[in-house]
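What you see below is based on every heavy atom in this structure, not just the backbone, and it leaves out hydrogens, waters and symmetry mates. If you read the sequence from its start, that first residue is 1, and numbering goes on from there. Model, not experiment: these values are computed from the prediction.
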Amino acid sequence: MTDAAFENAIRVDMAMGGSTNTVLHIPAIAKEAGIEIDVDLFDKISRETPHLCSIIPAGPNEMADVDDAGGIPAVLNRLKDMIKDSPTVNGKSITQIAEEGEVLDGDVIRTPDNPYHAEGGIAVLKGNIANSAIIKQTAVEKAMRVLSGPAKVFYSEKDLLDAIETKTITEGDVLVLPFQGPAGAPGMPEMLTPTDAIKGAGYKKVALITDGRFSGATTGPCLGHVEMEAYNGGPIGAIKDGDIIEIDIPNRKLNVKLSDAEIKERLKNAQIPERKTTPCLDSAFREPRVDCR
């Protein structure tokens with residue numbers, strides 16, 4: 001596989017407003033092919049690529065509607081001026097497939113000059129909370145693209161869900177769920193349940209930040225994949241209740257109103273929450289790799 005093939009895959013995902021999991025999967029596949037892909041490439045391509053397909057839950061259409069409208073070849077056809085030539089498994093080049101693609105519904109798969117959004121699905125935010133954090137920006141209402149609010153910190157998914165159920169979360173809060181990354185959880189579990197619970201409880205102005213992961217079903221200002229993760233000393237682990245967090249999607253910023261010295265001092269005293277894990281998980285994620293079969 002070539003660099004171009006992976007760039008094309010990212011561009012299609014951006015045009016379709018696809019999953020934040022792409023930022024995990026594509027670099028992992030590329031690495032197997034000996035190609036390194038940095039998270040900044042996702043943001044670069046997203047800034048260049050219009051959002052052409054609005055799919056549930058962020059939009060009105062289903063994947064079946066995209067298929068009926070011509071499928072991926074039709075999406076490629078809309079993007080043909082941006083696609084780089086590359087071979088594919090069916091023997092045709094990707095540019096040939098793009099040329100042959102036919103759009104059967106111009107609202108399900110829009111033209112680049114009439115997109116649902118000017119930019120693609122994913123944005124990469126940076127600041128004193130994270131070297132990088134991923135958000136599905138096409139699923140965020142315009143009014144929530146720039147916001148600030150007090151942090152409410154939870155150290156388990158259950159505690160966060162209990163707070164939603166007991167209504168101890170208020171509009172304007174920024175929920176922080178650290179220690180959910182590859183090492184800290186362990187295993188980087190998907191945080192789809194909390195995002196669904198926030199939406200299901202009727203909150204309109206509540207954000208969520210976590211070093212866990214999300215998926216294409218995420219809606220609202222939910223920032224995941226925070227790197228460095230809390231377990232490895234990332235500053236997300238320094239945040240406390242009441243700290244003011246600022247989220248600015250257009251300018252790609254994610255910050256907490258703390259000085260570098262305050263963050264450093266807090267991290268000295270940060271306590272890693274205990275996790276009930278099997279010996280196999282303990283060995284696999286927190287110690288040198290072992291064969292757990």
Side-chain angles (χ1 to χ4, degrees), residues 10 13-14 17 19-24 27 37-51 58 117-154 171-178 180-181 191 194-195 198 203-214 218-230 232-267:
I10 294 170
D13 183 68
M14 297 304 107
S19 174
T20 56
N21 274 328
T22 310
V23 183
L24 298 175
I37 293 181
D38 189 84
V39 68
D40 290 337
L41 181 62
F42 287 84
D43 197 68
K44 176 181 180 294
I45 292 176
S46 185
R47 288 179 183 271
E48 301 169 349
T49 309
H51 176 215
H117 299 94
E119 293 185 357
I122 289 171
V124 180
L125 277 59
K126 300 182 178 184
N128 68 354
I129 293 176
N131 295 330
S132 64
I134 311 301
I135 189 167
K136 184 175 175 178
Q137 64 172 341
T138 49
V140 182
E141 295 291 338
K142 187 175 181 180
M144 294 295 289
R145 293 175 64 80
V146 178
L147 60 95
S148 67
K152 280 191 177 173
V153 184
F154 303 90
E171 294 284 18
D173 285 343
V174 179
L175 312 182
V176 181
L177 186 56
Q180 305 299 317
M191 296 288 104
T195 62
I198 292 166
Y203 290 109
K204 303 294 185 184
K205 298 180 179 180
V206 169
L208 173 63
I209 301 172
T210 180
D211 47 11
R213 64 187 176 92
F214 295 132
T218 303
T219 58
C222 298
L223 283 145
H225 305 234
V226 166
E227 173 61 32
M228 291 179 62
E229 64 171 293
N232 291 333
I236 187 176
I239 298 172
K240 295 182 179 180
D241 286 350
D243 290 341
I244 301 301
I245 293 177
E246 298 177 328
I247 299 171
D248 185 340
I249 298 173
N251 291 304
R252 305 302 201 258
K253 294 180 180 179
L254 175 63
N255 290 294
V256 58
K257 282 193 171 183
L258 294 172
S259 68
D260 291 345
E262 286 175 307
I263 292 173
K264 187 175 181 179
E265 186 62 31
R266 286 190 186 182
L267 288 176

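Side-chain atoms of Leu175 and Ile198, non-hydrogen and from C-beta on, do get closer than 4.5 Å to each other. Between Ile209 and Leu177, the closest side-chain pair of non-hydrogen atoms is not below 4.5 Å. Between Gln137 and Arg252 the shortest side-chain heavy-atom distance falls below 4.5 Å. By the 4.5 Å heavy-atom criterion applied to side chains, Phe154 and Lys152 are counted as neighbours.
Across every non-hydrogen atom of Leu208 and Thr195, the tightest pair is CD2-CG2, 3.9 Å. Contact record, Ala123 with Asp43: CA-OD1, 3.5 Å, taken as the closest heavy-atom pair. When all heavy atoms of Gly172 and Val206 are compared, the closest pair comes out as N-CG2, 4.4 Å. Smallest separation of non-hydrogen atoms from Thr20 and Lys136: CG2-N, 3.9 Å. The heavy-atom pair separating Val256 from Ile263 by the smallest distance is CG1-CD1, 4.2 Å. In terms of heavy-atom proximity, Met144 sits nearest to Pro221 at CE-CG, 3.7 Å.
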Take Phe42 and Asp13 through the side-chain contact (heavy atoms from CB on, under 4.5 Å) test and state the conclusion after the steps.
-> CA-CA 10 Å; Phe42 287 84; Asp13 183 68; 5.8 Å; no

Begin from the C-alpha positions of Asn128 and Leu254 and carry the test side-chain contact (heavy atoms from CB on, under 4.5 Å) through to its verdict.
-> CA-CA 7 Å; Asn128 68 354; Leu254 175 63; over 6 Å; no

Audit row: Glu171, Lys204, salt bridge (Lys or Arg N to Asp or Glu O under 4.0 Å) steps and yes/no | CA-CA 7 Å; Glu171 294 284 18; Lys204 303 294 185 184; over 6 Å; no

Give the intermediate values and the outcome of salt bridge (Lys or Arg N to Asp or Glu O under 4.0 Å) for residues Asp40 and Lys44.
-> CA-CA 6 Å; Asp40 290 337; Lys44 176 181 180 294; over 6 Å; no

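Side-chain atoms of Asn21 come within 3.5 Å of backbone atoms of Phe214 as a donor-acceptor pair (strictly under, hydrogens ignored). Between the Thr210 side chain and the Pro178 main chain, no donor and acceptor come within less than 3.5 Å of each other. The main-chain N or O of Ile45 is found under 3.5 Å from a side-chain atom of Thr49 such that the two form a donor-acceptor pair. Checking side-chain atoms of Glu265 against main-chain N and O of Glu262 turns up no donor-acceptor pair under 3.5 Å. A distance-only check finds no donor-acceptor pair linking the side chain of Ser148 to the backbone of Glu246 [under 3.5 Å]. Listed for the Asp248 side chain is a donor-acceptor partner under 3.5 Å among the backbone atoms of Asn251. Using a distance-only test at 3.5 Å, with no hydrogens or angles considered, no donor-acceptor pair links the side chain of Gln180 to the main chain of Arg213.
For the atom pair CG (Leu125) and OG (Ser132), the distance works out to 10.0 Å, reported to the nearest 0.5 Å. The distance from atom CE of Met191 to atom NE2 of His225, rounded to the nearest 0.5 Å, is 10.5 Å. The line from CE of Met14 to OG1 of Thr22 is 5.5 Å long, rounded to the nearest 0.5 Å.
Annotation: Glu141, atom CD; neighbour count of heavy atoms from other residues, nucleotides and ligands within 6.0 Å does not exceed 12.
Applying the salt bridge (charged side-chain N to carboxylate O under 4.0 Å, His left out) test to Arg145 and every residue at least two apart in sequence or in another chain returns nothing. Listed by chain and number, the residues in a salt bridge (charged side-chain N to carboxylate O under 4.0 Å, His left out) with Glu227 amount to none (sequence neighbours excluded).
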For residues 233-245, tabulate all N or O donor-acceptor pairs below 3.5 Å that involve a side-chain atom, not counting sequence neighbours.
residue : atom : partner : partner atom : Å
Asp241  : OD1  : Val153  : N            : 2.7
Asp243  : OD1  : Arg266  : NH2          : 3.3
Asp243  : OD2  : Lys240  : N            : 2.8
Asp243  : OD2  : Arg266  : NH1          : 2.6

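Each of Ile134, Ile249, Asp211, Ile247 was compared with Leu223 under the side chain to side chain contact (heavy atoms under 4.5 Å, CB included) criterion, and only Ile247 meets it.
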